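As the structure is a computational prediction, the values presented were derived from the model and not from experiment. The sequence lines fix the lettering, A, B, ..., with proteins before strands; numbering per chain opens at 1. When reading the values below, keep in mind they use all heavy atoms of this one structure, side chains included, and skip hydrogens, waters and symmetry mates.
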Amino acid sequence: MQWGSPSEFWAMGGYGLYVWTSFGATALCMVWEVLAVWRRQAAAAVERRDVA
Amino acid sequence: MFQTVALSGSRGERLLFSDVSVTVKPGTLLAVVGENGSGKTSFLRMLCGLLSPDGGAILWQGEDIRQLKELYTAQLTYVGHLNGIKDELTPVENLKLSACLAGDKSSGAIVQKALEAVGLGRSVHRLPTRVLSQGQKRHVALARLWLSTRPLWLLDEPFASLDTAATSYLTQRLQAHLSNGGMVVIATHQEIALPTDSIQHLRLAR
Amino acid sequence: MFQTVALSGSRGERLLFSDVSVTVKPGTLLAVVGENGSGKTSFLRMLCGLLSPDGGAILWQGEDIRQLKELYTAQLTYVGHLNGIKDELTPVENLKLSACLAGDKSSGAIVQKALEAVGLGRSVHRLPTRVLSQGQKRHVALARLWLSTRPLWLLDEPFASLDTAATSYLTQRLQAHLSNGGMVVIATHQEIALPTDSIQHLRLAR
Amino acid sequence: MSFMGINWFKYSSPQAFHPLAGKMIPWFSAAALALIGVGLYIGFFVAPTDFQQGDAYRIIFVHVPAAWMSMFLYVIMAAWAGIGLGLNARPSFMMAQAIAPTGALFTFLALLTGSMWGKPTWGAWWVWDARLTSELILLFQYIGIISLRASIDDLRRADRASAVFALVGVVNVPIIYFSVRWWNTLHQGASVSMTASPKMAATMVTAMLVMTLGFWMYSFAVTLARVRCVIAERERQLSWGKNASIQQVAEAR
Amino acid sequence: MSQPSMSEALRGVVRRDLLLAMRHRSDVAMSVFFVVIVASLFPLGVGPEQAVLRMIASGVLWVTALLACLLSLGRLFTADYLDGVLEQTLLIPQPLAVLVVGKVFAHWVISGLPVVLLSPLLGLQFGLSGDSLWVLTLSLLLGTPTLSMLGAIGAALTLGLRGSGLLVALLVLPLFVPVLIFGAGAVTSSLAGIGSEANLSLLGACFLLSLAFAPWATAVALRIALE
Amino acid sequence: MSQPSMSEALRGVVRRDLLLAMRHRSDVAMSVFFVVIVASLFPLGVGPEQAVLRMIASGVLWVTALLACLLSLGRLFTADYLDGVLEQTLLIPQPLAVLVVGKVFAHWVISGLPVVLLSPLLGLQFGLSGDSLWVLTLSLLLGTPTLSMLGAIGAALTLGLRGSGLLVALLVLPLFVPVLIFGAGAVTSSLAGIGSEANLSLLGACFLLSLAFAPWATAVALRIALE
Ligand code: HEM
Ligand SMILES: Nc1ncnc2c1ncn2[C@@H]1O[C@H](COP(=O)(O)OP(=O)(O)OP(=O)(O)O)[C@@H](O)[C@H]1O
Ligand SMILES: Nc1ncnc2c1ncn2[C@@H]1O[C@H](COP(=O)(O)OP(=O)(O)OP(=O)(O)O)[C@@H](O)[C@H]1O
Ligand SMILES: [Mg+2]
Ligand SMILES: [Mg+2]
């Protein structure tokens, strides 16, 4: 394990901004996509119940 | 009262009609008839002010429509060859918007009633007009007449591609308008099933 | 002989007709009637192969038209809602080109004769079609029938916006085609003035 | 016809596919979570710092999987589209429709993480090099397919038109992949990659591969969930039609 | 007698066009994509050197915005003309020039505004930074409505003519030239550190001038086209 | 039974389109004017230095040619679709792909060829000379038919859709990119004295590839559009 402390970990050798933006944006996009699909599914389910 | 005085019109070098003087009194209908290409559409567009006459004048309550401008257009409803509806909008939206632009009432319920009155079933009220059939699109255009409170109606072949049910609805609507003291000018190839005393014919020759 | 077998068709998830089986024998006419929006146009386009059916088949001389492909389109002439003519070209040029593309004779004299036969006066033969009236444009489209040597005609509301003269010319032409052993399928709201024994009705319900 | 004991035709109809997809989604989701977790652990705590690029290189663990997925998903989408056109099968169009947004998302992520990486290593957020450009074009293709579908509301036409375009656009995928080889560019090629010693490179490669597998699982889960939405939405439109029995006739065709 | 008030009619016109745009959400995004794609084509043709790209950035981005406006002009009146909505609009009892302002405004919201909002990002791609990015955005904000208004004249004049896509280009591009020069000039002078106020105020003047005259000219052209 | 031969049908299709173009002679000139005007806008936006202009010449001219093709795509099928000529074309008893080739050829003659013929002059304006002028012309001659064919796919796919002007841009511009890169690359490499054969033969390959597949894809797209 090369990280001496959490702050070192977050700093990423001075590249923290870039690294964490990348990972953060990726995580955010994926979570957003999952939520979007989930909401869409819920909406579709409601409509189905309405029709039936 | 609506009058044309010695009206003459031409399209590109060709004289279509000349010296046409007719008077449309409240409660009467003027049927413009004639062969294909005799100038019915051109005549109607002239009455709207969309086309300028070669000679003569068009008078609304005795005043020239060229002087009246917007005061005159506020008196008429025109339904042309083209339907004047947006393909991408639904019948309801189309009718609402055109009623609103004409200054007529345009709530959802009123609009739906008008569409049903012309024979357009509820099932297609919320589809984009693009997918409707030829005749159904015409219904949407004509439904404006059920909302219109204007005294003068100018209709260009309103019956073309309508089925029999819609034709009779429209005839009834015209009847109601006339008995309210309205005026109608109509270009058509069909017979109109209205009492003959309220109809006046203008035949254009080719 | 031309047949549909248990044909069903829908537009955008809406079923228009199903299980339609009709046979059109040489020398007979099939009139497709029904209210606005009942699916007449869709039915005709399906017979042309422009629209694919949801179920069933269309047979020409006993063979499925999906197998025949170009062999089948070489048998038919279709005149749709849209005229299929170029606004910028004159009636003569339009007719010449479409006859040439259909493989029919297309000399100047023949084409002019066809245009006159449908009721289009010589004076407008050399104008761009754009300036013609609604009905005159329709004449140009229909004049193709006077040149067509194909056995099967599919016509979508050919009588709409025609005057009485043109209507009777067209009726005579249909009569001649039928007595030559031709077949006609027609979608219309009007009555067709032909002997009733050669007419067969198909009513589509909404 | 049965293949490995499964009746495939049974699942080729949307109604049968809907519950099947529902059953598979949890498994894929769990696998995705586990793999991405393990990948992140190896990536951040096992793999050592690169002595040339420092820790910025760790972006590789999202960048490369995202870039790969963007291309894979396009090919898969085009394949479904092709099958749909060939066999006139509605479920395959639905699959293609469901894949497009995820593909676009990964393309966007590849671009984003790439430029995050570019700033520290190349000194610029963006350069006009062949691979970057072709990846950008891939994004436009995804957007094109999605907007084409969005602008057509007749489902049948929407399905088939976007399928044709997806197929035509496949030519771009080999261009992206080989762009590094064909043109001399700033972006690194497959062989250059790591500057560290072989043993350390191995842990990096492992992390990258595990992350990629995780992204695969994620894509499966999300597209299956989305295809369920699509089926449900289309069914709803169906039931707006006339009566159910005739729809089933049409469906069975 | 039924007659809509002026503001009612204006709102009606704008509402219909925005409704149509909303019907296909993607339409609104379209001009943005167009700008992004075309702007990306230039580096492909010209080559990737940052120095060259920064030098041509203002010109390229402005020409692109101008083309986006040009391409979307087809939407302004043509559809209305073909389906007869335009002749109905002419029959609305309100001054036509006012209704034209409504239509042009809706057109700008749909096709101009998105480009303005996107421009900072594109500037970054071409290596612009800081001040000049803001000047670019500001110049587009002032310039694109002018483009829409001038374009409307051309669109009305070519209504219903064959090949009007290119004809309209021919007519309006010369009118666009001053806007282009001032707009691109603003960015260039800010890059050179000279200060861009002069160019920006000239752009503002263009805007006011065209607001005063263009709707009126467009109205006349529309009446002629429909004769 | 009457049936036109394949070459007869092909000639008929081409003849009609050329006749229509001849009816409005100005149409043919239009794409030339467009290219001239847009190409002249760049010096206005970028500034007048010869060195910079020569550097960007190939890119700008190619992008312009490409935009001219894009703008004229609207003419390819839309008019035919609206007036029903297209559905009649589908009913001609010949393979649709062949007829599509005819239409695309006519389109190229009207909108692509004039640009090719004009290009040497434009090259001169941007300070190209001798060899590179010829390479420019040759690359356009090889490239513009490819653009027309690829563009036809997009035009067919977006037929009758709202805002199709921009949608078609979104669809086909990505497909145009390889042609742009090879075309502009040929000029650039000839300017650098490297020799442009590689790029030109890649252009040729693109042409053959699109000739093989594009008409077929367009035919499929047209059938879908008319359903
Ligand atoms: C916006 C910018 C970027 C884009 C669009 C992009 C795109 C791609 C694509 C599509 C791939 C997968 C293709 C393949 O594996 O051959 C890839 C892989 C890769 N990229 Fe990038 N990239 C970008 C920036 C960068 C930067 C700045 C770096 C590092 C300095 C980088 C390093 C890599 C590496 C190491 C690979 C893996 C190559 C391999 O081993 O196969 N990328 N990138
Ligand atoms: N530029 C022109 N040159 C010559 N004649 C023209 C020109 N423009 C129009 N026309 C003629 O003017 C007439 C236009 O008539 P209009 O459209 O008013 O006829 P219509 O009575 O409505 O016919 P339909 O019953 O077919 O609708 C046509 O006969 C047309 O040929
Ligand atoms: N996407 C869609 N969703 C629902 N209904 C649709 C869709 N597309 C078309 N339709 C319906 O299909 C029918 C089309 O009918 P078609 O045009 O064949 O009618 P028609 O019998 O020719 O009518 P007309 O007499 O008015 O010409 C219309 O009722 C229309 O509402
Ligand atoms: Mg008329
Ligand atoms: Mg019909």
Side-chain angles (χ1 to χ4, degrees), chain E residues 20-21 23-24 26-34 36-38 40-47 49 52-53 55-63 66-68 70-75 78-79 82 110-111 161-167 169-170 173-174 176-177 180-181 183-185 187-188, chain F residues 20-21 23-24 26-34 37-38 40-47 49 52 55-64 66-68 70-75 78-79 82 110-111 161-170 173-174 176-177 180-181 183-185 187-188:
Chain E
L20 277 169
R23 191 61 18 113
H24 288 290
S26 52
D27 263 30
V28 183
M30 217 69 86
S31 57
V32 171
F33 289 132
F34 176 79
V36 175
I37 296 183
V38 174
S40 319
L41 289 179
F42 281 98
L44 294 179
V46 171
E49 292 93 48
V52 179
L53 286 180
M55 211 153 25
I56 64 170
S58 65
V60 165
L61 292 179
W62 256 95
V63 171
L66 193 149
L67 288 174
L70 196 71
L71 272 179
S72 59
L73 280 181
R75 291 203 292 217
T78 318
L82 291 175
I110 297 162
S111 69
L161 302 183
R162 246 186 70 72
S164 56
L166 284 173
L167 186 57
L170 205 59
L173 282 180
F176 284 181
V177 165
L180 170 69
I181 292 181
V187 183
T188 315
Chain F
L20 277 169
R23 194 63 17 117
H24 288 287
S26 54
D27 264 28
V28 183
M30 216 70 85
S31 55
V32 171
F33 285 131
F34 175 78
I37 294 185
V38 174
S40 323
L41 287 179
F42 279 97
L44 292 179
V46 171
E49 293 93 47
V52 178
M55 214 157 17
I56 64 170
S58 64
V60 166
L61 291 179
W62 256 95
V63 171
T64 315
L66 194 147
L67 289 174
L70 195 72
L71 272 180
S72 59
L73 280 181
R75 291 202 292 216
T78 317
L82 291 177
I110 298 163
S111 68
L161 303 183
R162 247 188 69 71
S164 59
L166 286 173
L167 184 58
V168 77
L170 183 59
L173 284 180
F176 283 180
V177 165
L180 170 69
I181 291 180
V187 184
T188 314

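- Applying the side chain to side chain donor-acceptor pair (under 3.5 Å) test to F:T188 and every residue at least two apart in sequence or in another chain returns F:S58.
- Residue E:I56 touches chain F through both its backbone and its side chain, counting heavy-atom pairs closer than 4.5 Å.
- Among E:F176, E:F34, E:F42, the residue with the largest count of heavy-atom pairs under 4.5 Å with chain F is E:F42.
- Contact detail for E:G45 and F:A184: the closest heavy-atom pair is O-CB, 3.7 Å.
- Rounding to the nearest 0.5 angstrom, the gap separating the CD1 atom in E:I181 from the CG atom in F:L41 is 9.0 Å.
- The candidate with the highest count of non-hydrogen atom pairs below 4.5 Å against chain E, out of F:L70, F:L66, F:V38, F:L180, is F:L180.
- Once rounded to the nearest 0.5 Å, the distance linking CD1 of F:I37 with OG1 of F:T64 reads 12.0 Å.
- The minimum heavy-atom distance between F:S40 and F:P43, with the atom names listed, is O-CD, 3.3 Å.
- Neither the backbone nor the side chain of E:V36 comes within contact range of chain F; no heavy atom of the residue lies under 4.5 Å from a heavy atom of that chain.
- Residue E:L82 touches chain F through its side chain alone, counting heavy-atom pairs closer than 4.5 Å.
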